[in-house]
Each structure stands twice: as C-alpha cells, then as structure tokens.
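Proteins come first, then strands; the chains are lettered A, B, ... in the order of their sequence lines, and each starts at number 1. None of these values were measured; they are calculated from a predicted model.
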There are 2 protein chains.
Amino acid sequence: MRADELNRVRKLSQQFAYTSIQMHETVARTAGLSGTDHKYLGFFLEKGRLTAGELSSLTGLTTGAVTGLIDRFEKKNLVKRRFAEDDRRKVIIEPDTSAIMALLEPLYKDFRNKSAQLFASFSDEEIQTIETYFLKAIEIMKETSSTLNAK
Amino acid sequence: MRADELNRVRKLSQQFAYTSIQMHETVARTAGLSGTDHKYLGFFLEKGRLTAGELSSLTGLTTGAVTGLIDRFEKKNLVKRRFAEDDRRKVIIEPDTSAIMALLEPLYKDFRNKSAQLFASFSDEEIQTIETYFLKAIEIMKETSSTLNAK
DNA sequence: CTAAATATCTTAGCAACAAAGATAAATGAG
DNA sequence: CTCATTTATCTTTGTTGCTAAGATATTTAG
C-alpha cells in the first residue's frame with residue numbers, strides 16, 4: 001500500500017535528522033567542544049569573519065552569551081578578536097580557518113568519504129530527486145519555524 | 001559538471017540537518033520546553049512507558065539529570081511516576097500520551113500536512129530513491145558516531 | 001541473615017545562558 | 001563644535017540543567 005510507504009519514508013526523514021544531531025554531538029564531544037559551540041563554529045567556516053553582533057543575530061544568542069562563546073573559541077586559538085578600523089566599537093572575529101579545519105577535518109574525514117561514495121552511487125536523475133526533496137523539505141521547515149516564531 | 005552537483009547535494013543534506021534542528025528548537029520553545037526536554041519527550045511517544053534507568057541509558061544522561069528531567073515533565077502533567085510492582089526500586093514513568101500529543105500536535109500539524117503533500121508529489125520510484133538514500137546515510141552516520149565513540 | 005548489587009534520588013559544584021546595566025565609540029541635532 | 005542619543009560589546013547577577021559523588025531503599029546472592 002502506498003500510504004505505508006509514505007509513512008515509512010516520513011519516519012526515515014525524522015530518523016535522518018535525529019541521527020545527524022547525534023553524530024554532530026559526538027563529533028563535538030570528541031573535539032572537546034560543547035554541541036552548541038561546535039554548531040556555531042561551523043558559521044565561521046561558512047561565513048568567514050564576523051562581528052560579535054552579527055554572530056549574535058545569526059545564533060539568536062544574547063550579546064553576553066556571544067562574548068562567552070568567543071572567549072571559549074579564543075582560548076582554544078580557533079579565532080582572534082580585533083577591533084574594526086572603520087568603527088572601533090565593533091569587534092571583528094577572525095577565524096583561524098586552518099586551525100578549525102585541523103580540529104574538525106580528521107573527525108569528519110571518514111564520514112565525508114563515505115558520503116561522497118554514497119552520492120556517487122546514484123544516477124544523475126536520482127541525485128536530482130534527492131536534491132529536489134531536500135530543497136522543498138528545507139523550505140517547509142523554514143516556513144514552519146517562521147510561522148511559530150510569529151506567535 | 002557532475003562533481004559540482006554532488007557537492008551541491010552534499011551541502012543540501014547538511015542544511016537539511018541544520019534546519020531540522022532549528023525547527024525542532026523553535027517547536028520546543030513554543031511549547032514551553034527546552035530543546036533537550038523536547039527531544040527526550042519524543043522518546044515517550046515512541047517507546048511508551050520507560051523506567052528512569054532506561055531513560056538514562058537512552059538519553060546518555062546521568063541518573064541525576066534524568067530525575068530532574070522527569071520532575072519537569074511531571075510538573076507539566078506530561079508524565080506520571082509509579083513504582084514497578086515487581087521491583088519497587090524501579091520508577092516507571094508513564095507518559096500521558098494524549099497530553100503530550102495535545103501539546104505538540106498543533107505545532108507540527110502544518111509541517112506534517114506539507115510534508116505528506118511533498119512526499120505524495122513524488123513517484124513510487126522517486127520515493128524509493130529517497131528512502132534508499134536515507135537508509136544508507138543513517139547507516140554511515142551511525143558508523144561515524146560509533147567509531148568516534150570508541151576513541 | 002547479611003553483604004553486595006541495583007535503581008533512583010539528593011547534594012554540591014560547575015558551565016552556559018538571559019536580562020539588565022556599564023563602558024566606549026559613533027552619530028546627529030542644534 | 002558639543003552634548004545627548006544610539007550603537008556595539010562587555011560585565012554582572014541570577015537561573016537552569018548538567019555531572020559526580022554519595023545517600024536511600026530494595027533486591028539478589030552467598
């Protein structure tokens with residue numbers, strides 16, 4: 001029955017999300033970071049340098065919490081603080097990308113290889129299907145979040 | 001180029017996981033729960049009644065933390081404590097499934113509908129592809145976690 | 001029947017957070 | 001130009017939820 005199959009894949013998508021979180025936390029712990037620190041450290045790899053204020057609005061943390069976050073990263077030599085030249089109130093946080101990579105890369109290496117292999121095992125059309133699913137599912141989740149946030 | 005496409009879908013899978021976490025946290029906050037409490041509350045919907053010890057090993061929390069977790073749930077009338085008849089040291093935690101559903105259901109309703117619609121929009125073969133991807137990706141993530149946990 | 005093991009709870013200490021206020025720098029009204 | 005306001009970050013205080021260690025109650029084993 002088709003409905004059963006839809007239900008099964010729905011559960012799998014839940015489980016996928018849940019397992020990602022678990023792995024993420026395991027990686028974090030192995031790297032000597034808390035789960036949230038690991039999450040936010042990824043922002044630097046994606047976005048490069050950020051100001052404390054930008055990080056605060058990106059993370060949804062208060063500015064005070066961001067100060068602590070940066071302190072912990074700085075203590076581990078993963079980022080450096082620097083005042084902006086154009087506006088000396090601003091604190092620019094400069095990630096040491098190679099240090100961050102050196103910390104995380106080895107932990108993800110195995111995962112990355114296997115993932116690449118998995119994706120390579122699908123045909124172009126299949127990849128297209130998976131991509132479409134992800135795009136639309138992400139859209140739905142974002143809609144749900146913003147609807148709830150509006151309440 | 002094929003490599004670009006593989007890279008794109010890889011990034012999307014990351015983003016999918018990240019967006020799931022965000023939505024999960026938003027739902028939690030809207031329901032007046034912390035992110036972790038929401039996560040663990042889901043265990044009761046899945047597994048039904050559990051003992052405190054089972055919950056501790058499922059969650060990886062210490063027994064002390066589980067005591068606090070149950071206290072918070074009990075205060076919100078989402079679960080009840082009861083001593084096991086066969087072994088009176090054990091505390092059976094009986095979830096009030098309808099109370100939990102009443103709390104979470106409305107928040108997920110929109111998401112559930114849209115997800116069902118999304119899945120329904122794929123052909124049987126496409127569903128099969130997505131399912132295969134999930135199954136194998138979950139497998140890979142679990143392997144990665146257990147490899148790291150062994151260190 | 002007592003010792004050890006088991007299941008949960010309690011206590012003490014710690015880490016990370018929010019909220020509010022302090023500090024320092026930039027902007028704008030007159 | 002100057003002083004009040006705004007902006008960006010940091011500091012302080014109190015709360016929450018965690019771990020680790022130990023207390024309590026019950027079961028199991030010798």
Output yes when at least one side-chain N/O atom of T36(B) is less than 4.0 Å from OP1 or OP2 of dG17(D), else no.
-> no
Interatomic distance, R82(B) CZ vs dA7(C) P [rounded to whole Å] = 17 Å
Atom CG of D71(A) to atom P of dA16(C): distance rounded to whole Å?
-> 11 Å
Comparing E85(A) with V66(A), nearest DNA chain C nucleotide closer to 5' gives the residue V66(A)
Interatomic distance, L61(A) CG vs dA16(C) P [rounded to whole Å] | 12 Å
Heavy-atom count around K39(B) NZ within 6.0 Å, excluding the residue itself: above 12?
-> yes
What are the two closest non-hydrogen atoms of G35(B) and A28(B), and how far apart are they?
-> CA-CB, 4.0 Å
Using a heavy-atom cut-off of under 4.0 Å over every strand shown, decide if A65(A) touches base, sugar-phosphate, or nothing.
-> sugar-phosphate
Base dC10(D) to side chain T63(A), donor-acceptor N/O within 3.5 Å cut-off = yes
Below 4.0 Å: OP1/OP2 of dA24(C) and any side-chain N or O of R88(A) = no
Residue whose nearest DNA chain C nucleotide is more 5′ - R72(A) or I92(B) | I92(B)
Calculate the interatomic distance between I70(A) atom CD1 and dA8(D) atom P; express it in whole Å.
-> 14 Å
Rounded interatomic separation in angstrom, taking CG from L55(B) and P from dA7(C) | 14 Å
Scan S34(A) against the nucleic acid and name what it touches under 4.0 Å (heavy atoms): base, sugar-phosphate only, or nothing.
-> nothing
Given the side-chain rings of F119(A) and Y133(B), with only the six-membered ring counted for Trp, is the space between their centroids under 6.0 Å?
-> yes
Residue T62(A), side-chain atoms from C-beta onward, closest of dA20(D), dA18(C), dT27(D) = dA18(C)
To the nearest angstrom, the CZ-P distance between F83(A) and dT23(C) comes to 16 Å
Return the value, rounded to whole Å, for the distance between atom NZ of K90(B) and atom P of dA5(C).
-> 18 Å
Do N113(A) and S115(A) get their side chains close enough for a donor-acceptor pair, meaning under 3.5 Å?
-> no
Could you work out which one of dA19(C), dT8(C), dT9(D) sits closest to the side chain of A52(B)?
-> dT8(C)
Measure the distance from CZ on F73(B) to P on dG17(D) and round it to the nearest whole Å.
-> 11 Å
Tell whether R89(A) reaches the base of dT9(D) with its side chain through a donor-acceptor pair below 3.5 angstrom.
-> no
Could you give me the CA-CA distance, side-chain angles and deciding distance for K47(A) and L58(A), then say whether side-chain contact (heavy atoms from CB on, under 4.5 Å) is met?
-> CA-CA 11 Å; K47(A) 314 251 177 185; L58(A) 268 174; 4.3 Å; yes
Which part of the nucleic acid, if any, lies within contact of S56(A), taking any heavy atom under 4.0 Å across all strands shown: a base, the sugar-phosphate backbone alone, or nothing?
-> nothing
If you look at every strand shown and take non-hydrogen atoms under 4.0 Å, does G53(B) touch a base, only sugar-phosphate, or nothing?
-> sugar-phosphate
